Amino acid sequence: MTTKTKPRIDIAASLPGPAEALVPVVKTLGKYFQCRVIGYDKKQSDYDTGGSLSVWRTHLHDPADVIALEQHIDRQTCFSNNPPDLLLLGAVNDLTGRRRFPEEDLIADARRHDIPTIQFIDNWFAWSATAASPDWFFTVDADCRAVGEAFHPRMKNYFTCGHPGLQHLLNAHQPPAGPVKNDLIYFTQPGADSARTLNWLGEILTAGDRLLIKKHPRDDADLTHVLARFDRRMHLTADPPEVLFHRARQVITHTSVVGLKAILLGIPTIHVCPQAIMGATHDLLGGYPLAQAGFSREANSPGELKQALAGPLYPDTAKLAQRFYIHSATQRAVAKIKNLIHDKETQ
């Protein structure tokens, strides 16, 4: 008597953020399917991005190091000789069409081999306006779906599953024993004008304020001259976000996912000049989505930043959890994937 082989799902994400968001889904899928996880190092010869490999290695038992699959023929052989039953992909942020992502090539390869594809979009501007669409888009909320429908008007298969990574964060978060929320925390990110933001903050902060600056791993901006100007009130920190959240009186960032995490943990958060990174998505939604919904403040000038710091907005975390299906996001995504696999097997 032969035992039926479990269906196999290949999971690929080139960026660390989407990989982190998908970790809970991958772990749960492993209970029902064979899972092959594809990661990418920070240095890729064919692509402009990477960084997911370290995330997979940190959180999963045996992620596949597929740097050897960079060559086109190897990637083709990967699908033609042993195709998965479904391909689950992370999001890409490329509304300009100027960057190259592995996900774009994987969608094209999967289509040639009749492999169903899902792409999980982990934020509102993580879309590609030029790449081919997958068979399904999974989105984190209704605004995210609205952006997708604007950029991919012919696409009909959307499913709002919520944000599994935030679900994991909330479940794993252990609040500190005592009151330690004394510092202002600024999280930088690539593409943002950190020097301008710090100059604004330097003029606003009072003598009793202390600002801790956490640089994004891919942010290579030189802030030496700004720190020298405000050295008594600003300090770079190497502490991870999970530690800094415990110390944060308020969080300042631009569009980084750490802002969303901070809001979920009840920390007043300010988004500075997000349009510079979001571009057309900002215009489409009429502003930064979390600020529009009343969960945070958007500041586009020194005056707005000063006002936001003086009057912290404490978010309604229960309402935010409902918006992103925080208590069921992983289960929703997995249930939908199981249904899609079942439909494929019964066709």
Side-chain angles (χ1 to χ4, degrees), residues 13-18 20-21 48-49 51 90-99 101 103-104 119-131 133 137-153 155 158 160 162-163 165-166 186-198 200 214-219 221 241 251-264 269-302 304-305 308 313 315 320 323-324:
S14 58
L15 292 169
E20 184 180 76
D48 301 323
T49 185
V92 300
N93 177 10
D94 187 30
L95 292 177
T96 65
R98 298 171 185 166
R99 303 176 70 186
F101 290 86
E103 287 85 346
E104 297 176 7
Q119 191 162 33
F120 172 68
I121 310 298
D122 64 313
N123 67 64
W124 307 279
F125 53 95
W127 298 92
S128 173
T130 57
S133 301
F137 280 124
F138 282 17
T139 63
V140 292
D141 71 351
D143 278 347
C144 188
R145 173 172 177 161
V147 175
E149 290 173 339
F151 287 113
H152 297 270
M155 180 64 158
Y158 288 90
T160 301
H163 200 304
L166 294 181
Y186 172 45
F187 292 94
T188 78
Q189 66 189 92
D193 193 340
S194 300
R196 178 181 63 182
T197 301
L198 288 172
W200 288 0
K214 174 64 176 178
K215 292 193 70 175
H216 189 283
R218 291 185 289 111
D219 181 9
V251 161
I252 303 137
T253 188
H254 301 277
T255 62
S256 175
V257 69
V258 295
L260 184 51
K261 291 178 178 180
I263 295 170
L264 181 62
T269 301
I270 305 167
H271 301 278
V272 179
C273 300
Q275 185 178 27
I277 295 175
M278 294 178 68
T281 307
H282 185 277
D283 298 336
L284 179 67
L285 295 175
Y288 191 70
L290 295 180
Q292 292 292 100
F295 294 113
S296 67
R297 297 198 192 279
E298 180 177 341
N300 295 294
S301 68
E304 291 178 356
L305 181 56
L313 174 63
L320 184 75
R323 176 181 178 131
F324 292 102

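All figures in this text were calculated on a predicted structure; none of them were measured in a lab. In what follows, every heavy atom counts, from backbone to side chain, and hydrogens, waters and symmetry copies are set aside.
Counting heavy atoms from C-beta outward, Trp127 and Cys144 have side chains that approach closer than 4.5 Å. Within the 4.5 Å cutoff, no side-chain heavy atoms of Trp124 are placed close to those of Leu284. Residues Val147 and Phe125 are not in side-chain contact: their nearest non-hydrogen atoms beyond the backbone lie 4.5 Å or more apart. For the pair Ser194 and Asp219, the minimum side-chain heavy-atom distance is below 4.5 Å. Residues Pro289 and Arg323 meet the side-chain proximity criterion, which asks for heavy atoms closer than 4.5 Å.
To the nearest 0.5 Å, the span separating OG1 on Thr197 from CD1 on Ile270 amounts to 11.0 Å. Ser296 OG to Leu260 CG: the interatomic distance, rounded to the nearest 0.5 Å, is 9.5 Å. If you take OH on Tyr158 and NE2 on His152, they are separated by 6.0 Å, rounding to the nearest 0.5 Å. With rounding to the nearest 0.5 angstrom, the CD1 atom of Ile121 is 10.0 Å from the CG atom of Asn93.
Gly259 approaches His271 most closely through the heavy-atom pair CA-CE1, 4.3 Å. Minimum interatomic distance between His216 and Thr188 (heavy atoms only, all atoms of both residues): N-OG1, 3.0 Å.
Considering only residues two or more places apart in sequence or on other chains, Glu149 meets the salt bridge (Lys or Arg N to Asp or Glu O under 4.0 Å) condition with Arg145.
Side-chain atoms of Gln189 come within 3.5 Å of backbone atoms of Thr255 as a donor-acceptor pair (strictly under, hydrogens ignored). Using a distance-only test at 3.5 Å, with no hydrogens or angles considered, no donor-acceptor pair links the side chain of Glu20 to the main chain of Pro16.
Test Ile263, Val140, Leu264 against Leu166 for side chain to side chain contact (heavy atoms under 4.5 Å, CB included) and you get one pass: Leu264.
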